[in-house]
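All values below come from the heavy atoms of this structure, side chains included, with hydrogens, waters and symmetry mates left out.
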Amino acid sequence: MSVQSVLAENSQATQKTVALRCRALRKYFNDVHAVDGVDLEVYSGECFGLLGPNGAGKTTSVEILEGLTPADSGEVELLGMSWGKGKDSALRQRIGVALQETQLSDKLTVEETVRLFRSFYTNNRSVDEVIATVSLEEKRKARTGKLSGGQRQRLAIACALVGNPDLLFLDEPTTGLDPQARLQLWELITAFRAQGGTVLLTTHYMEEAERLCDRVAIMDHGHIIALGTPAELIASLGAEQIVEFSVEEPLPDAKTLSQLPGVVSVREAAGRYLLTVSKIPLALPALLNELERQQSKLASLLTHHATLEDVFVALTGRTLRDG
(Lines give C-alpha, C1' and ligand atoms only; values in the text may rest on other atoms or scores of the structure.)
Protein backbone atom coordinates (compact mmCIF):
# COMPACT_ATOMS: atom_id res chain seq x y z
CA MET A 1 0.00 0.00 0.00
CA SER A 2 1.36 3.45 -0.92
CA VAL A 3 2.03 6.24 1.57
CA GLN A 4 -0.74 8.26 -0.09
CA SER A 5 -3.25 5.43 0.47
CA VAL A 6 -2.31 5.14 4.13
CA LEU A 7 -2.65 8.89 4.63
CA ALA A 8 -6.04 8.87 2.88
CA GLU A 9 -7.30 6.04 5.11
CA ASN A 10 -6.05 7.81 8.24
CA SER A 11 -7.73 11.03 7.12
CA GLN A 12 -11.05 9.25 6.59
CA ALA A 13 -10.79 7.59 10.01
CA THR A 14 -10.18 10.90 11.79
CA GLN A 15 -13.16 12.49 10.01
CA LYS A 16 -15.63 9.98 11.44
CA THR A 17 -18.07 11.53 13.87
CA VAL A 18 -19.79 9.49 16.56
CA ALA A 19 -23.58 9.63 16.39
CA LEU A 20 -24.13 7.32 19.36
CA ARG A 21 -21.91 6.25 22.21
CA CYS A 22 -22.54 4.22 25.36
CA ARG A 23 -20.15 3.15 28.06
CA ALA A 24 -20.49 0.43 30.72
CA LEU A 25 -24.24 0.20 30.15
CA ARG A 26 -26.04 -2.02 32.66
CA LYS A 27 -29.64 -2.99 33.29
CA TYR A 28 -30.70 -5.73 35.70
CA PHE A 29 -34.14 -7.21 36.27
CA ASN A 30 -33.85 -8.94 39.66
CA ASP A 31 -31.25 -11.65 39.02
CA VAL A 32 -31.32 -11.29 35.23
CA HIS A 33 -28.44 -9.25 33.80
CA ALA A 34 -30.24 -8.09 30.65
CA VAL A 35 -27.49 -5.61 29.75
CA ASP A 36 -24.17 -6.21 31.46
CA GLY A 37 -21.46 -3.68 30.68
CA VAL A 38 -22.13 -2.81 27.03
CA ASP A 39 -19.76 -0.40 25.23
CA LEU A 40 -20.69 0.80 21.74
CA GLU A 41 -19.90 3.54 19.24
CA VAL A 42 -21.98 4.14 16.12
CA TYR A 43 -20.61 6.50 13.47
CA SER A 44 -22.68 9.05 11.60
CA GLY A 45 -23.98 7.71 8.29
CA GLU A 46 -23.51 4.01 9.04
CA CYS A 47 -25.93 1.19 9.63
CA PHE A 48 -24.90 -0.56 12.82
CA GLY A 49 -26.41 -3.92 13.72
CA LEU A 50 -27.01 -5.55 17.08
CA LEU A 51 -27.21 -9.24 16.28
CA GLY A 52 -28.16 -12.00 18.67
CA PRO A 53 -30.86 -14.47 19.71
CA ASN A 54 -34.04 -13.55 21.54
CA GLY A 55 -33.18 -12.71 25.12
CA ALA A 56 -29.65 -11.56 24.33
CA GLY A 57 -30.32 -8.01 25.58
CA LYS A 58 -30.71 -6.25 22.23
CA THR A 59 -34.14 -4.71 22.84
CA THR A 60 -33.32 -3.60 26.38
CA SER A 61 -30.10 -1.96 25.15
CA VAL A 62 -31.94 -0.09 22.42
CA GLU A 63 -34.74 1.02 24.77
CA ILE A 64 -32.09 2.55 27.05
CA LEU A 65 -30.45 4.32 24.10
CA GLU A 66 -33.85 5.59 22.94
CA GLY A 67 -34.56 7.05 26.37
CA LEU A 68 -37.50 4.71 26.99
CA THR A 69 -35.89 2.68 29.79
CA PRO A 70 -33.50 4.06 32.43
CA ALA A 71 -30.18 2.30 32.81
CA ASP A 72 -29.04 1.09 36.22
CA SER A 73 -25.60 2.48 35.42
CA GLY A 74 -23.48 3.65 32.51
CA GLU A 75 -23.33 6.59 30.12
CA VAL A 76 -25.30 7.29 26.93
CA GLU A 77 -24.63 10.05 24.40
CA LEU A 78 -26.69 10.62 21.25
CA LEU A 79 -25.81 13.30 18.72
CA GLY A 80 -23.71 15.08 21.34
CA MET A 81 -26.49 15.07 23.98
CA SER A 82 -27.43 12.85 26.92
CA TRP A 83 -30.75 11.86 28.43
CA GLY A 84 -31.78 13.53 31.68
CA LYS A 85 -29.60 16.61 31.28
CA GLY A 86 -32.21 19.13 30.17
CA LYS A 87 -32.09 18.37 26.45
CA ASP A 88 -34.49 15.44 26.18
CA SER A 89 -36.99 17.38 24.04
CA ALA A 90 -34.31 18.53 21.61
CA LEU A 91 -32.93 15.01 21.41
CA ARG A 92 -36.32 13.45 20.68
CA GLN A 93 -36.72 15.86 17.78
CA ARG A 94 -33.68 14.31 16.09
CA ILE A 95 -34.33 10.60 16.48
CA GLY A 96 -36.84 8.24 14.90
CA VAL A 97 -37.99 5.07 16.65
CA ALA A 98 -39.70 1.97 15.26
CA LEU A 99 -40.32 -0.44 18.10
CA GLN A 100 -40.46 -4.21 17.83
CA GLU A 101 -44.25 -3.89 18.04
CA THR A 102 -45.57 -0.40 17.36
CA GLN A 103 -49.11 0.03 18.71
CA LEU A 104 -51.10 2.23 16.32
CA SER A 105 -54.77 3.14 16.51
CA ASP A 106 -56.78 0.74 14.34
CA LYS A 107 -59.43 3.45 13.79
CA LEU A 108 -57.13 6.00 12.19
CA THR A 109 -56.27 5.90 8.50
CA VAL A 110 -52.70 5.73 7.22
CA GLU A 111 -52.77 9.45 6.39
CA GLU A 112 -54.22 10.42 9.77
CA THR A 113 -51.63 8.34 11.58
CA VAL A 114 -48.69 9.91 9.74
CA ARG A 115 -50.19 13.38 10.19
CA LEU A 116 -50.53 12.78 13.94
CA PHE A 117 -46.89 11.76 14.30
CA ARG A 118 -45.82 14.67 12.10
CA SER A 119 -47.41 17.09 14.58
CA PHE A 120 -44.92 15.99 17.24
CA TYR A 121 -41.93 17.41 15.33
CA THR A 122 -40.85 20.87 14.25
CA ASN A 123 -38.42 19.91 11.47
CA ASN A 124 -40.87 17.50 9.87
CA ARG A 125 -41.39 16.07 6.40
CA SER A 126 -44.58 16.31 4.38
CA VAL A 127 -47.22 13.62 4.85
CA ASP A 128 -47.39 12.95 1.12
CA GLU A 129 -43.62 12.54 0.84
CA VAL A 130 -43.39 10.06 3.69
CA ILE A 131 -46.36 7.99 2.53
CA ALA A 132 -44.77 7.80 -0.91
CA THR A 133 -41.42 6.84 0.62
CA VAL A 134 -42.95 3.77 2.26
CA SER A 135 -45.09 2.95 -0.82
CA LEU A 136 -48.46 3.27 0.92
CA GLU A 137 -50.11 5.73 -1.47
CA GLU A 138 -52.86 3.28 -2.35
CA LYS A 139 -53.56 2.68 1.33
CA ARG A 140 -53.55 6.26 2.56
CA LYS A 141 -57.32 6.22 3.24
CA ALA A 142 -57.31 2.68 4.67
CA ARG A 143 -57.67 2.22 8.41
CA THR A 144 -54.61 0.89 10.18
CA GLY A 145 -56.53 -2.13 11.45
CA LYS A 146 -57.10 -3.28 7.86
CA LEU A 147 -53.41 -3.30 6.88
CA SER A 148 -51.30 -6.40 6.41
CA GLY A 149 -48.32 -7.09 8.66
CA GLY A 150 -45.86 -5.72 6.12
CA GLN A 151 -47.96 -2.61 5.53
CA ARG A 152 -48.19 -1.94 9.26
CA GLN A 153 -44.41 -2.23 9.55
CA ARG A 154 -43.97 0.25 6.72
CA LEU A 155 -46.43 2.59 8.41
CA ALA A 156 -44.46 2.30 11.67
CA ILE A 157 -41.31 3.30 9.80
CA ALA A 158 -43.20 6.18 8.16
CA CYS A 159 -44.06 7.44 11.66
CA ALA A 160 -40.37 7.19 12.57
CA LEU A 161 -39.28 9.02 9.40
CA VAL A 162 -41.83 11.85 9.37
CA GLY A 163 -39.83 13.80 11.97
CA ASN A 164 -36.87 13.91 9.55
CA PRO A 165 -34.52 12.22 12.06
CA ASP A 166 -30.75 12.12 11.97
CA LEU A 167 -30.68 8.80 13.85
CA LEU A 168 -33.13 5.95 13.26
CA PHE A 169 -33.70 3.08 15.72
CA LEU A 170 -35.20 -0.10 14.27
CA ASP A 171 -35.85 -2.96 16.68
CA GLU A 172 -36.23 -6.21 14.71
CA PRO A 173 -38.32 -4.46 12.05
CA THR A 174 -38.74 -7.49 9.77
CA THR A 175 -39.64 -10.19 12.29
CA GLY A 176 -42.62 -12.19 11.03
CA LEU A 177 -42.67 -10.60 7.58
CA ASP A 178 -42.78 -12.48 4.31
CA PRO A 179 -39.71 -12.21 2.01
CA GLN A 180 -41.25 -9.52 -0.22
CA ALA A 181 -42.20 -7.29 2.72
CA ARG A 182 -38.73 -7.79 4.18
CA LEU A 183 -37.07 -6.67 0.95
CA GLN A 184 -39.26 -3.57 0.85
CA LEU A 185 -38.14 -2.59 4.34
CA TRP A 186 -34.51 -3.21 3.41
CA GLU A 187 -34.95 -0.77 0.52
CA LEU A 188 -36.38 1.85 2.91
CA ILE A 189 -33.39 1.51 5.21
CA THR A 190 -30.97 1.77 2.30
CA ALA A 191 -32.73 4.90 1.00
CA PHE A 192 -32.60 6.54 4.45
CA ARG A 193 -28.87 5.91 4.66
CA ALA A 194 -28.33 7.25 1.15
CA GLN A 195 -29.64 10.58 2.43
CA GLY A 196 -27.04 10.66 5.21
CA GLY A 197 -29.06 9.07 8.00
CA THR A 198 -27.63 6.82 10.72
CA VAL A 199 -29.33 3.53 11.61
CA LEU A 200 -29.11 1.30 14.66
CA LEU A 201 -30.77 -1.99 13.79
CA THR A 202 -31.43 -5.03 15.97
CA THR A 203 -32.06 -8.37 14.32
CA HIS A 204 -31.59 -12.10 14.69
CA TYR A 205 -31.55 -12.58 10.91
CA MET A 206 -27.95 -13.09 9.83
CA GLU A 207 -28.72 -12.32 6.16
CA GLU A 208 -30.30 -9.02 7.17
CA ALA A 209 -27.22 -7.97 9.13
CA GLU A 210 -24.84 -8.98 6.33
CA ARG A 211 -26.96 -7.18 3.73
CA LEU A 212 -27.58 -3.90 5.56
CA CYS A 213 -24.93 -3.31 8.22
CA ASP A 214 -21.51 -1.70 7.93
CA ARG A 215 -20.58 -3.08 11.34
CA VAL A 216 -22.16 -5.60 13.65
CA ALA A 217 -21.99 -6.26 17.38
CA ILE A 218 -22.99 -9.79 18.38
CA MET A 219 -24.75 -9.91 21.76
CA ASP A 220 -25.32 -12.86 24.06
CA HIS A 221 -26.53 -12.85 27.67
CA GLY A 222 -26.20 -9.08 27.93
CA HIS A 223 -22.62 -8.94 26.66
CA ILE A 224 -20.99 -7.88 23.40
CA ILE A 225 -19.05 -10.99 22.40
CA ALA A 226 -17.82 -9.86 18.97
CA LEU A 227 -17.63 -6.58 17.04
CA GLY A 228 -16.57 -5.74 13.50
CA THR A 229 -17.69 -5.66 9.90
CA PRO A 230 -19.58 -8.75 8.75
CA ALA A 231 -16.59 -9.67 6.58
CA GLU A 232 -14.16 -9.32 9.50
CA LEU A 233 -16.27 -11.46 11.80
CA ILE A 234 -16.69 -14.18 9.19
CA ALA A 235 -12.96 -14.08 8.43
CA SER A 236 -12.27 -14.66 12.14
CA LEU A 237 -13.41 -18.26 11.63
CA GLY A 238 -10.25 -18.85 9.63
CA ALA A 239 -12.05 -20.40 6.66
CA GLU A 240 -14.76 -19.60 4.14
CA GLN A 241 -16.67 -22.89 3.89
CA ILE A 242 -18.78 -24.91 6.31
CA VAL A 243 -19.48 -28.62 5.86
CA GLU A 244 -22.46 -29.76 7.90
CA PHE A 245 -23.43 -33.41 8.15
CA SER A 246 -25.22 -35.95 10.29
CA VAL A 247 -24.94 -39.73 10.54
CA GLU A 248 -27.44 -42.40 11.48
CA GLU A 249 -25.48 -43.28 14.64
CA PRO A 250 -22.97 -41.12 16.57
CA LEU A 251 -19.44 -41.41 15.26
CA PRO A 252 -17.29 -43.89 17.18
CA ASP A 253 -14.36 -41.47 17.01
CA ALA A 254 -15.29 -37.83 16.21
CA LYS A 255 -11.84 -36.58 17.24
CA THR A 256 -10.36 -37.74 13.94
CA LEU A 257 -12.44 -35.15 12.05
CA SER A 258 -10.20 -32.29 13.17
CA GLN A 259 -7.20 -34.11 11.68
CA LEU A 260 -8.63 -34.32 8.17
CA PRO A 261 -6.86 -32.27 5.47
CA GLY A 262 -8.38 -28.83 4.93
CA VAL A 263 -10.36 -28.89 8.19
CA VAL A 264 -9.78 -25.88 10.48
CA SER A 265 -12.18 -26.70 13.31
CA VAL A 266 -14.98 -29.08 14.27
CA ARG A 267 -18.15 -28.44 16.28
CA GLU A 268 -20.98 -30.72 17.26
CA ALA A 269 -24.49 -29.38 17.90
CA ALA A 270 -27.91 -31.01 18.08
CA GLY A 271 -26.67 -34.25 16.54
CA ARG A 272 -24.93 -32.50 13.67
CA TYR A 273 -21.24 -32.12 12.92
CA LEU A 274 -20.02 -28.80 11.55
CA LEU A 275 -16.60 -28.59 9.93
CA THR A 276 -15.03 -25.23 9.19
CA VAL A 277 -12.82 -25.90 6.18
CA SER A 278 -10.25 -23.94 4.21
CA LYS A 279 -10.02 -26.29 1.23
CA ILE A 280 -13.26 -28.07 0.50
CA PRO A 281 -11.87 -30.17 -2.43
CA LEU A 282 -9.51 -31.76 0.10
CA ALA A 283 -11.82 -31.90 3.09
CA LEU A 284 -14.93 -33.41 1.49
CA PRO A 285 -13.35 -36.57 -0.02
CA ALA A 286 -11.35 -37.05 3.18
CA LEU A 287 -14.54 -36.81 5.23
CA LEU A 288 -16.34 -39.41 3.11
CA ASN A 289 -13.37 -41.77 3.39
CA GLU A 290 -13.28 -41.30 7.16
CA LEU A 291 -17.00 -42.03 7.50
CA GLU A 292 -16.51 -45.20 5.45
CA ARG A 293 -13.55 -46.20 7.62
CA GLN A 294 -15.68 -45.78 10.77
CA GLN A 295 -18.55 -47.63 9.05
CA SER A 296 -20.89 -44.68 9.66
CA LYS A 297 -23.83 -44.13 7.32
CA LEU A 298 -24.33 -40.56 6.17
CA ALA A 299 -27.84 -39.20 6.89
CA SER A 300 -27.41 -35.65 5.52
CA LEU A 301 -24.70 -33.47 4.05
CA LEU A 302 -24.61 -29.85 2.95
CA THR A 303 -22.01 -27.15 2.41
CA HIS A 304 -22.30 -23.37 2.51
CA HIS A 305 -20.19 -20.25 2.71
CA ALA A 306 -19.48 -19.14 6.28
CA THR A 307 -21.96 -16.61 7.68
CA LEU A 308 -22.54 -14.60 10.84
CA GLU A 309 -24.65 -17.52 12.05
CA ASP A 310 -21.51 -19.67 11.97
CA VAL A 311 -19.60 -16.99 13.87
CA PHE A 312 -22.22 -17.03 16.61
CA VAL A 313 -22.25 -20.83 16.79
CA ALA A 314 -18.44 -20.87 17.00
CA LEU A 315 -18.50 -18.36 19.87
CA THR A 316 -21.40 -19.78 21.89
CA GLY A 317 -22.14 -23.31 20.68
CA ARG A 318 -25.75 -22.23 20.00
CA THR A 319 -27.60 -20.90 16.97
CA LEU A 320 -29.04 -17.41 16.67
CA ARG A 321 -32.54 -18.86 16.84
CA ASP A 322 -31.91 -20.29 20.31
CA GLY A 323 -33.43 -18.04 22.98
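Between Asp128 and Arg115 there is no salt bridge, since none of the side-chain N atoms of the basic residue sits less than 4.0 Å from a carboxylate O of the acidic one. Under the 4.0 Å criterion applied to side-chain N and carboxylate O atoms, Arg272 and Glu268 are not assigned as salt-bridge partners. Checked for salt-bridge contact, Arg21 and Glu41 meet the test: a charged N lies under 4.0 Å from a carboxylate O.
Looking only at side-chain heavy atoms (C-beta outward), Leu227 and Ile218 stay at 4.5 Å or farther from each other. Taking the side chain as every heavy atom from C-beta outward, Asp220 and Phe312 approach each other to under 4.5 Å. Here the side chains of Leu20 and Leu65 are in contact, with some heavy-atom distance below 4.5 Å. The closest side-chain heavy-atom distance from Glu207 to Trp186 is below 4.5 Å. A heavy-atom distance below 4.5 Å is not found between the side chains of Gln184 and Leu177. No side-chain heavy atom of Thr113 sits less than 4.5 Å from a side-chain heavy atom of Ser105. The shortest distance between side-chain heavy atoms of Val277 and Leu287 does not fall below 4.5 Å. Tyr28 has its side chain out of reach of Val35: every pair of non-hydrogen atoms, C-beta onward, lies at least 4.5 Å apart.
Each of Leu183, Thr190, Ile189 was scored for a side-chain contact (heavy atoms from CB on, under 4.5 Å) with Arg211, with one residue passing: Leu183.
Glu210 contributes a side-chain N or O that, together with a main-chain N or O of Leu308, makes up a donor-acceptor pair within less than 3.5 Å. In this structure a side-chain-to-backbone donor-acceptor pair under 3.5 Å is present from Glu232 to Thr229. Under a 3.5 Å cut-off, the side chain of His223 and the backbone N or O of Asp36 do form a donor-acceptor pair. For the pair Thr69 (side chain) and Ile64 (backbone), a donor-acceptor distance under 3.5 Å is absent. Using modelled atom types, no side-chain atom of Gln241 and backbone atom of Lys279 make a donor-acceptor pair closer than 3.5 Å. Although no hydrogens or angles enter the test, the distance criterion places a donor-acceptor pair under 3.5 Å between the side chain of Arg154 and the main chain of Ser135. With Ser82 contributing its side chain and Val76 its backbone, the two residues share a donor-acceptor pair below 3.5 Å. Side-chain atoms of Asp178 come within 3.5 Å of backbone atoms of Gln180 as a donor-acceptor pair (strictly under, hydrogens ignored). A donor-acceptor pair is defined here as one N or O able to donate and one able to accept, closer than 3.5 Å; such a pair exists between the side chain of Asp39 and the backbone of Ala24. At least one donor-acceptor pair under 3.5 Å links the side chain of Gln93 to the backbone N or O of Thr122.
Thr133 OG1 to Gln195 CD: the interatomic distance, rounded to the nearest 0.5 Å, is 7.0 Å. The CG atom of Leu200 sits 8.5 Å away from atom CG of Leu170, with the distance rounded to the nearest 0.5 Å. Note that CD1 of Ile242 is 10.0 Å distant from OG1 of Thr303, once rounded to the nearest 0.5 Å. Note that the CD atom of Glu66 and the OG atom of Ser61 stand 10.5 Å from one another [nearest 0.5 Å]. With values rounded to the nearest 0.5 angstrom, Leu167 atom CG is found 6.0 Å from Leu78 atom CG. Expressed to the nearest 0.5 Å, how far CD of Glu111 lies from CG of Leu136 amounts to 12.0 Å.
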Worked verdict on Lys27 versus Asp72 for salt bridge (Lys or Arg N to Asp or Glu O under 4.0 Å): CA-CA 5 Å; Lys27 182 67 178 180; Asp72 290 333; 3.7 Å; yes

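The ring-ring contact (aromatic ring centres under 6.0 Å, His included) contacts involving residues 147-180 comprise nothing, where partners must be two or more places apart or lie in separate chains. Applying the ring-ring contact (aromatic ring centres under 6.0 Å, His included) test to every pair with at least one member in residues 239-282, sequence neighbours left out, gives these pairs: Phe245-Tyr273. The side chain to side chain donor-acceptor pair (under 3.5 Å) pairs that include a residue from residues 165-177 are Lys58-Glu172, Thr59-Asp171, Arg94-Asp166, Asp171-Thr202, Glu172-Thr175, Glu172-His204, Thr174-Glu208, where partners are two or more places apart or lie in different chains.
For Arg92, there are no salt bridge (charged side-chain N to carboxylate O under 4.0 Å, His left out) partners two or more places apart in sequence or in a different chain. The salt bridge (charged side-chain N to carboxylate O under 4.0 Å, His left out) check on Arg143 picks up nothing, with sequence neighbours excluded.
Heavy atoms only, all atoms of each residue included: Lys141 and Thr109 are closest at O-CG2, 3.4 Å.
Within a 6.0 Å radius of CD in Glu137, more than 12 heavy atoms belonging to other residues, nucleotides or ligands are found. Applying the 6.0 Å contact sphere to CD of Glu249 captures no more than 12 heavy atoms from other residues, nucleotides or ligands. Counting non-hydrogen atoms of other residues, nucleotides and ligands closer than 6.0 Å to CZ of Arg26 gives a total above 12. Around atom CD of Glu240, no more than 12 heavy atoms belonging to other residues, nucleotides or ligands sit under 6.0 Å away. No more than 12 heavy-atom neighbours from other residues, nucleotides or ligands sit within 6.0 angstrom of NZ on Lys139. No more than 12 heavy-atom neighbours from other residues, nucleotides or ligands sit within 6.0 angstrom of CD on Glu75.
Through ILVMFWY side-chain contacts below 4.5 Å, Leu282 is grouped with nothing and stands alone.
Tyr205 carries Arg182 over the face of its six-membered ring, with the cationic atom under 6.0 Å from the centre and within 45° of the normal.
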